[in-house]
**Q** 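I'd like to ask some things about the structure below.
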Amino acid sequence: MTEVIHRTADEQREGVSRINHWIGGRLVPGQSGRTGPVYNPATGQQTGEVDLATVEEVDAAVAAAKEAYESWRKVSLAKRAELMFNIRELVHERREEAARILTSEHGKVLSDALGEATRGLEVIEFACGIPTLLKGDFSEQASTGIDVYSIRQPLGVVAGITPFNFPVMVPMWMWAPAIACGNTFVLKPSEKDPSASLWTAELLKEAGLPDGVFNVVHGDKVAVDALLEHPGVAAISFVGSTPIARYIYETGTKHGKRVQALGGAKNHMIVLPDADIDMAADAAVSAGYGSAGERCMAVSVLVAVGDAADPLVEAIKARLPKVKVGDGMQPDSEMGPLVTREHRDKVASYIASGSEQGATVVADGRESTPDGDGFFLGVSLLDNVTTEMDAYRDEIFGPVLSVVRAASYDEAIGLVNDNPYGNGVALFTRDGGVARQFQFDVSAGMVGINVPIPVPVAYYSFGGWKASLFGDSHAYGPESIHFYTRGKVVTSRWPDPATSKVDLGFPQTR
Ligand code: NAD
């Protein structure tokens, strides 16, 4: 849980910026006297202190969103679309600014941070089509003189609670469709890298979004619980780890809210003996160590089938010394540090436990970690991992790739289907028939065929199965339009005195 520092609203440490809430279109300094530290993971230095909200501050944000909702829901679709286009233009122009903020608090390398902002931009582009996305159905003459049509209306104030690993993109998955649908929004971003949310708030204001439509409350469990229990919040979108996702779903639904809660992952990449081994090795290194493994779609387990195993492990091993680990601000860095010192140490503990539990440590990231106080850990490869080992069972969320050797395709897909998570999965093969059968049989929400990180494009929806998703609605794409609106069906008849009579029977259509 967050380390808490006690400080008054105007107290500030030199060289450490104070990160405030954003309520009703302006910065609001926190009054709780509780703050959390924010670090530059590449140097290990504390650079910020984020306000942690009280229940009253959450109330104030919900009240601002509620007030704004009354006029925002009346804004025409044409104007909302125009505004989304303005936002799209500004994000596109200023995405490098976002990338620098991401790198300085999350640690991911600049090119990856830019990639995050660009994938988020796709969701905003999708939301620009809101007039088409909200089109209803119309049935003329459903019964004599009676027409029936459906409309979708916004929910009201909706909240988003987001993880540290995509501080710009994951909030975009939520606020872009939510706002386009006519809702107002309260974001509770990760307290580990909160500055990107204020960058977003200022950009939305500059684009012309009315005050109160988008608000940010920073905080920990106090703020999250206040949102979950708040009678003025109609829906909660959550992305984060599985235990918290489960808690959010159970608590939010108990309080009568619509909830979508995306959880953690343990993504497997199966490599069949007929696969192109070099291509599979490139993909495994990219998907296993990109963003230091801190992606919910990172490949964590490589399932090498039959004869694929030895050459695959050799090909990956040969690539590892070339992965340049360093400060994400340096253009030649390919992998940055982990988000906090505690997380780095926890990730490193899986190399030790893997070795103790019988895995072969092919590459030990602890031995290739750059010097300095940054939260770095080099790349690690564990071979001969089995399903009882901690490295297999837990979501490590770091640059540790585990190889499990399987005798057959059936054994490999059995591993995936028996795993409690079901976010992403990939199959590497040249056999189209096997690939098609795999897509039919596998228990996961996002499937890659020779694609290691199958994050759907913005006009499809994103979400896993099993313990990777609580609730039945995936993020962004068509499912988000459904999630952020509710349906209404209108049955209408225009006065025709000639057909009017008293009839106590149940209405018939024929
Ligand atoms: P996390 O679950 O620790 O935190 C997510 C959010 O929940 C944060 O805003 C945090 O403040 C809040 N939170 C944390 N503990 C809480 C508690 N006890 N009560 C109430 N709220 C609490 O996740 P994280 O470490 O920030 O992010 C990494 C996790 O997110 C990984 O498990 C990763 O797989 C997952 N993730 C999933 C997806 C997906 O689409 N499925 C995408 C990105 C990240």
Side-chain angles (χ1 to χ4, degrees), residues 1-4 34 36 38 50-53 58 105-106 108 116 119-120 123 159-174 186-194 196-197 216-229 236-252 259-267 291-300 338-340 342-344 346-347 394-398 420-425 444-446 453-456 461-471 473-477 479-480:
M1 218 34 235
T2 326
E3 182 191 335
V4 176
R34 297 163 63 246
V38 177
V50 62
D51 288 327
L52 303 176
V58 171
E105 289 186 355
H106 174 284
K108 61 178 73 177
E116 168 179 348
R119 287 305 302 259
V123 177
I161 301 162
T162 52
F164 80 84
N165 66 325
F166 286 108
V168 161
M169 181 185 78
V170 167
M172 282 172 178
W173 290 1
M174 302 173 182
V186 178
L187 173 65
K188 205 305 282 172
S190 169
E191 63 278 33
K192 295 188 181 118
D193 43 16
S197 62
V216 180
V217 277
H218 297 291
D220 51 8
K221 185 168 165 52
V222 174
V224 171
D225 285 346
L227 286 169
L228 292 176
E229 293 166 14
I236 302 271
S237 297
F238 172 87
V239 174
S241 59
T242 286
I244 311 296
R246 183 180 284 116
Y247 169 75
I248 300 280
Y249 184 75
E250 289 174 357
T251 315
V259 182
Q260 54 175 185
L262 283 72
K266 192 76 187 174
N267 304 313
S291 201
E294 291 174 323
R295 290 183 185 137
C296 65
M297 291 291 277
V299 167
S300 176
L338 289 145
V339 69
T340 58
E342 296 69 41
H343 186 54
R344 189 264 317 270
K346 182 156 184 248
V347 172
D394 296 352
E395 180 187 33
I396 301 177
F397 222 54
Y421 297 102
N423 216 40
V425 67
M446 292 168 285
I453 309 184
V455 175
S461 295
F462 179 108
W465 286 15
K466 300 187 273 186
S468 296
L469 177 85
F470 299 86
S473 185
H474 289 195
Y476 68 73
E479 293 201 23
S480 68

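Start at 1 and go down the list; that is how both ligands and their atoms are numbered. All values derive from a computational prediction rather than experimental measurement.
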**Q** Evaluate Phe238 for polar contact with ligand 1, using N/O atom pairs at a separation under 3.5 Å.
**A** no
**Q** Taking all atoms of both residues into account, what is the closest heavy-atom pair of Leu338 and His343, and its distance?
**A** CD2-CD2, 3.9 Å
**Q** Against heavy atoms of Phe462, which atoms of ligand 1 measure under 4.0 Å?
**A** 39 (C), 40 (O)
**Q** Is ligand 1 less than 4.0 angstrom away from at least one heavy atom of Asn423?
**A** yes
**Q** Counting heavy atoms only, which of Val222, Val224, Leu187, Thr340 is nearest atom 12 (C) of ligand 1?
**A** Val224
**Q** Quick check: closest heavy atoms across Asn423 and Ala265, and the distance to 0.1 Å?
**A** CB-CB, 3.5 Å
**Q** Step by step, would you call Phe462 with Cys296 a side chain to side chain contact (heavy atoms under 4.5 Å, CB included)?
**A** CA-CA 11 Å; Phe462 179 108; Cys296 65; 3.9 Å; yes
**Q** Looking at every non-hydrogen atom in both residues, tell me the closest pair between Ser461 and His474 and how far apart they are.
**A** CB-CB, 3.8 Å
**Q** Would Asp220 count as being in polar contact with ligand 1, using the rule that some N or O on each side must be under 3.5 angstrom apart?
**A** no
**Q** Counting heavy atoms only, which of Gly264, Pro163, Cys296, Gly240 comes nearest to atom 35 (C) of ligand 1?
**A** Gly240
**Q** Would you mind finding which of Ile244, Val170, Leu52 brings a heavy atom closest to atom 15 (N) of ligand 1?
**A** Ile244
**Q** Counting only heavy atoms closer than 4.0 Å, does ligand 1 sit against the backbone of Glu395, its side chain, both, or neither?
**A** side chain
**Q** When you look at Phe166 and Glu294, which way does the side chain to side chain contact (heavy atoms under 4.5 Å, CB included) test go after all the steps?
**A** CA-CA 9 Å; Phe166 286 108; Glu294 291 174 323; over 6 Å; no
**Q** Charged N to carboxylate O below 4.0 Å: is that the case for Glu116 and Lys108?
**A** yes
**Q** Decide whether an N or O pair under 3.5 Å exists between Asn165 and ligand 1.
**A** no
**Q** Looking only at non-hydrogen atoms, find the nearest pair between Ala475 and Leu262 and report the distance.
**A** CB-CD2, 4.1 Å
**Q** So which atom in Val38 and which in Lys192 form the shortest heavy-atom distance, rounded to 0.1 Å?
**A** CG1-O, 3.6 Å
**Q** Is Trp173 near ligand 1, meaning one of its heavy atoms is under 4.0 Å from it?
**A** yes
**Q** Taking Asp220 first and then Arg34, would you say they form a salt bridge - that is, a charged N and a carboxylate O separated by under 4.0 Å?
**A** yes
**Q** Please report the C-alpha distance between Met446 and Val425 in whole Å, then the side-chain angles of each, then the deciding distance to 0.1 Å, and finally whether the side chain to side chain contact (heavy atoms under 4.5 Å, CB included) criterion is met.
**A** CA-CA 6 Å; Met446 292 168 285; Val425 67; over 6 Å; no
**Q** Can you tell me if Gly464 contacts ligand 1 (heavy atom of the residue under 4.0 Å from the ligand)?
**A** no
**Q** Using distance alone, decide if ligand 1 has a nitrogen or oxygen within less than 3.5 Å of any nitrogen or oxygen in Asp225.
**A** no
**Q** Just to be sure I read this right, does ligand 1 sit under 4.0 Å from the backbone of Glu191, its side chain, both, or neither, counting only heavy atoms?
**A** side chain
**Q** Hey, is ligand 1 close enough to Lys188 that some N/O pair sits below 3.5 Å?
**A** yes
**Q** Please confirm whether Phe164 comes within less than 3.5 Å of ligand 1 when only nitrogen or oxygen atoms on both sides are compared.
**A** yes
**Q** I need the atoms of ligand 1 closer than 4.0 Å to a non-hydrogen atom of Val239, numbered in the order shown.
**A** 5 (C), 36 (N), 37 (C), 38 (C), 39 (C), 40 (O), 42 (C), 43 (C), 44 (C)
